[in-house]
2 protein chains.
Amino acid sequence: MPHRNQMPAPQPTLRRLPGYFRFLQTLAEAGETTVSCTSIAKALHLDPTGVRKDLAFTGIIGKPRVGYSLLELRDAISSFLGWDDIREAVLVGTGDFGRALLGYELFRERGVEIVAAFDVAPDLVGQKVRGKEVLALDALGDTIRTRQIPIGIITTPAAAAQGVADTMVEAGAKAIWNFAPAVLEVPEHIILEHVELVASLAVLSSKLAVRASAE
Amino acid sequence: MPHRNQMPAPQPTLRRLPGYFRFLQTLAEAGETTVSCTSIAKALHLDPTGVRKDLAFTGIIGKPRVGYSLLELRDAISSFLGWDDIREAVLVGTGDFGRALLGYELFRERGVEIVAAFDVAPDLVGQKVRGKEVLALDALGDTIRTRQIPIGIITTPAAAAQGVADTMVEAGAKAIWNFAPAVLEVPEHIILEHVELVASLAVLSSKLAVRASAE
DNA sequence: TAGATTGTTAATCGATTAACAATC
DNA sequence: TAGATTGTTAATCGATTAACAATC
């Protein structure tokens with residue numbers, strides 16, 4: 001009856017789902033077969049009612065007094081997040097940060113496979129970094145276009161990010177995952193996720209400053 | 001009159017402040033001397049009233065019709081976020097991701113200096129990575145204790161993260177910046193910031209799935 | 001002066017939390 | 001059965017957005 005699959009989940013819910021998935025995975029490895037919201041909430045420091053609401057978005061239905069079927073729930077989350085089918089991605093900028101993402105095995109398990117890396121540095125082009133071939137930036141647009149790659153990952157310096165994004169958009173990429181500290185201008189239909197390490201640092205930093213002044 | 005400095009800013013505000021700082025910096029380099037909320041909001045795709053409220057937390061006061069003094073505002077943000085005085089940090093886990101953070105020059109400008117790195121791999125210990133000395137994990141507690149280091153950065157695999165956090169807390173660290181995909185248990189007085197790349201990926205991924213099913 | 005912009009108060013919106021009936 | 005747990009409706013909370021007087 002519930003057409004939950006169609007209902008778009010709010011961003012806070014989406015951000016919590018991977019945590020649930022990870023916890024369920026460890027329970028599964030420990031041989032458990034069912035799980036309750038209460039236990040999930042306790043392990044992840046969340047409110048049980050909130051967890052229940054989050055899980056409802058995946059369309060899963062639990063049994064009163066028993067809880068949820070562990071594997072069923074885990075798989076529902078996985079499918080809801082689009083982790084079941086692999087989507088290809090390209091990464092631009094093979095600095096330290098780009099390398100770290102290229103080598104991050106977990107992405108593949110989460111439905112994203114980086115198929116090629118791009119850089120302007122001529123000495124890197126043609127080489128392999130973390131098992132992925134590095135191509136010249138000139139080839140970025142054509143690669144996305146001919147292979148119909150939906151995701152572009154930007155790990156360039158801030159100054160280069162907008163140009164790279166423009167090329168990605170123009171070549172037909174559907175989503176951009178931006179790690180460069182820059183606000184990107186993209187058409188409205190493009191999905192844009194921006195990871196701002198400095199934003200996270202600011203929270204920590206300012207809390208530390210408040211604490212220091214209180215002492 | 002306004003004792004804004006003491007008022008703790010909400011987390012969304014804290015996360016936006018670095019973006020304002022960055023924009024003001026580029027305006028300053030372009031030779032501007034004043035700035036209005038309207039222009040900040042437009043550049044960062046935000047609401048002008050929201051920007052005004054955010055800036056109020058820094059204690060700065062603008063002039064109607066003119067805007068804010070650019071440098072004054074920039075410096076107020078910097079000081080509000082605790083970027084003016086350097087705080088020392090240690091980093092544990094010199095994998096790809098750890099290296100990327102070790103080499104990230106920007107942190108120093110944002111008030112955080114990584115003074116040492118730690119790893120369990122014997123062949124790395126004693127070497128320098130990105131200019132920082134790598135010490136044996138055994139020495140973590142003592143280093144934090146004797147040098148009174150306030151910040152611990154965790155870039156280990158998930159399985160090692162809790163143990164590292166325990167050592168940091170026990171040695172007197174005040175804040176932990178966790179990049180490992182694990183929920184850490186720490187005493188309430190410890191400031192804990194968790195960067196979850198997979199949470200950001202989940203948002204992108206699920207939007208992509210929604211878009212795909214709509215086509 | 002007229003008009004742009006600030007600062008503040010009020011209204012809206014959305015997410016979190018609380019309350020509670022249904023049920024295995 | 002009794003009690004734990006689900007699913008849902010209502011209440012609370014906090015942040016965003018709108019409205020508007022003050023002012024340079």
Side-chain angles (χ1 to χ4, degrees), chain A residues 1-5 7-17 19-20 23-24 27 32-70 72-74 76-77 80 199 202-203 206, chain B residues 1-5 7-17 19-20 23-24 27 32-70 72-74 76-77 80 199 202-203 206:
Chain A
M1 223 162 297
H3 277 276
R4 292 276 158 59
N5 276 359
M7 211 181 295
Q11 178 145 330
T13 295
L14 290 174
R15 295 187 63 90
R16 280 188 296 263
L17 287 174
Y20 302 154
F23 178 61
L24 297 177
L27 286 188
E32 299 288 328
T33 57
T34 60
V35 65
S36 75
C37 284
T38 328
S39 61
I40 297 178
K42 185 170 284 183
L44 275 61
H45 307 157
L46 296 168
D47 176 78
T49 308
V51 173
R52 222 166 285 134
K53 282 216 167 121
D54 286 344
L55 297 182
F57 281 101
T58 69
I60 206 83
I61 287 175
K63 283 202 188 72
R65 148 123 212 174
V66 181
Y68 300 85
S69 154
L70 183 55
E72 209 185 311
L73 180 54
R74 184 197 62 182
I77 293 174
F80 185 78
V203 177
S206 114
Chain B
M1 223 162 297
H3 277 275
R4 291 278 158 59
N5 275 359
M7 209 181 295
Q11 177 142 332
T13 295
L14 291 175
R15 295 187 64 90
R16 281 186 297 262
L17 287 173
Y20 302 155
F23 178 62
L24 298 177
L27 285 188
E32 300 286 329
T33 58
T34 59
V35 65
S36 74
C37 284
T38 329
S39 61
I40 297 178
K42 186 171 283 181
L44 275 61
H45 307 155
L46 296 168
D47 176 78
T49 308
V51 174
R52 223 167 285 135
K53 283 217 166 119
D54 286 344
L55 297 183
F57 281 101
T58 69
I60 206 83
I61 288 176
K63 283 202 189 71
R65 148 120 212 180
V66 181
Y68 301 84
S69 155
L70 184 54
E72 210 185 309
L73 179 54
R74 185 197 61 182
I77 293 173
F80 185 78
V203 177
S206 113

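With a 3.5 Å ceiling on both atom-pair distances, the Watson-Crick or G-U wobble partner of C:dT12 is D:dA15. With a 3.5 Å ceiling on both atom-pair distances, the Watson-Crick or G-U wobble partner of C:dA22 is D:dT5.
Regarding contacts with the backbone of C:dT16, a side-chain N or O of A:R16 is found under 4.0 angstrom from either OP1 or OP2. The phosphate of C:dG7 (OP1 or OP2) has a side-chain N or O of B:Y68 nearer than 4.0 angstrom.
At least one side-chain heavy atom of A:R52 sits less than 4.5 Å from a side-chain heavy atom of A:Y68. With contacts defined as side-chain heavy-atom distances shorter than 4.5 Å, the pair B:I77/B:I60 does not qualify. Looking only at side-chain heavy atoms (C-beta outward), A:I40 and A:L55 come within less than 4.5 Å of each other.
The nearest whole Å value for the distance from the CZ atom in A:F57 to the C1' atom in C:dG14 is 11 Å. Counting to the nearest Å, the P atom of C:dT16 and the NE2 atom of A:H45 are 17 Å from each other. Atom CG of A:D54 is separated from atom C1' of C:dG14 by 14 Å (rounded to the nearest Å). A straight line from CG of B:D47 to P of D:dA18 spans 6 Å, rounded to a whole angstrom. The CD1-P distance, from B:I60 to C:dT8, rounds to 14 Å in whole Å. Rounding to whole angstrom units, CG of residue A:L14 and C1' of C:dG14 are separated by 15 Å. C:dG3 atom C1' lies 18 Å from atom NZ of B:K63, rounded to whole Å. Put simply, CZ on B:R15 is 12 Å from P on D:dT16, counting in whole angstrom units.
Nearest nucleotide to the side chain of A:R52, out of D:dT6, C:dT17, D:dA4: D:dT6. Checking D:dT6, D:dA19, C:dT5 against the side-chain heavy atoms of B:S36 singles out C:dT5 as nearest. Listed candidates were D:dT8, C:dT9, C:dA4. Nearest to the side chain of B:R65 is C:dA4. Distance from the side chain of B:I61 is smallest for C:dG7 among the nucleotides C:dG7, C:dC24, D:dT17. Closest to the A:P12 side chain, of the nucleotides C:dT16, D:dA15, C:dA18, is C:dT16.
Nearer to the 5' terminus of DNA chain C, by closest-nucleotide assignment, is the contact made by B:T38 (compared with the other of B:T38 and A:P10). Of the two residues near DNA chain D, A:V35 and B:G50, the one whose nearest nucleotide lies more 5' is A:V35. Both A:T49 and A:V66 lie close to DNA chain D; mapped to their nearest nucleotides by heavy-atom distance, the more 5′-ward contact belongs to A:V66. Nearest-nucleotide positions on DNA chain C place A:Q11 closer to the 5' end than the other of A:P64 and A:Q11.
Of the residues B:T58, B:L46, B:L73, the one that meets the side chain to side chain contact (heavy atoms under 4.5 Å, CB included) test with B:Y20 is B:L46.
Contact of B:K53 with D:dT17 (side chain to base): a donor-acceptor pair of N or O atoms is detected under 3.5 Å.
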**OP:** Verify side chain to side chain contact (heavy atoms under 4.5 Å, CB included) between A:F80 and A:L14, making sure each step is shown before the conclusion.
**Re:** CA-CA 9 Å; A:F80 185 78; A:L14 290 174; 3.9 Å; yes

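Here the straight-line distance linking atom CZ of B:R74 with atom OG of B:S69 works out to 9.5 Å at 0.5 Å rounding.
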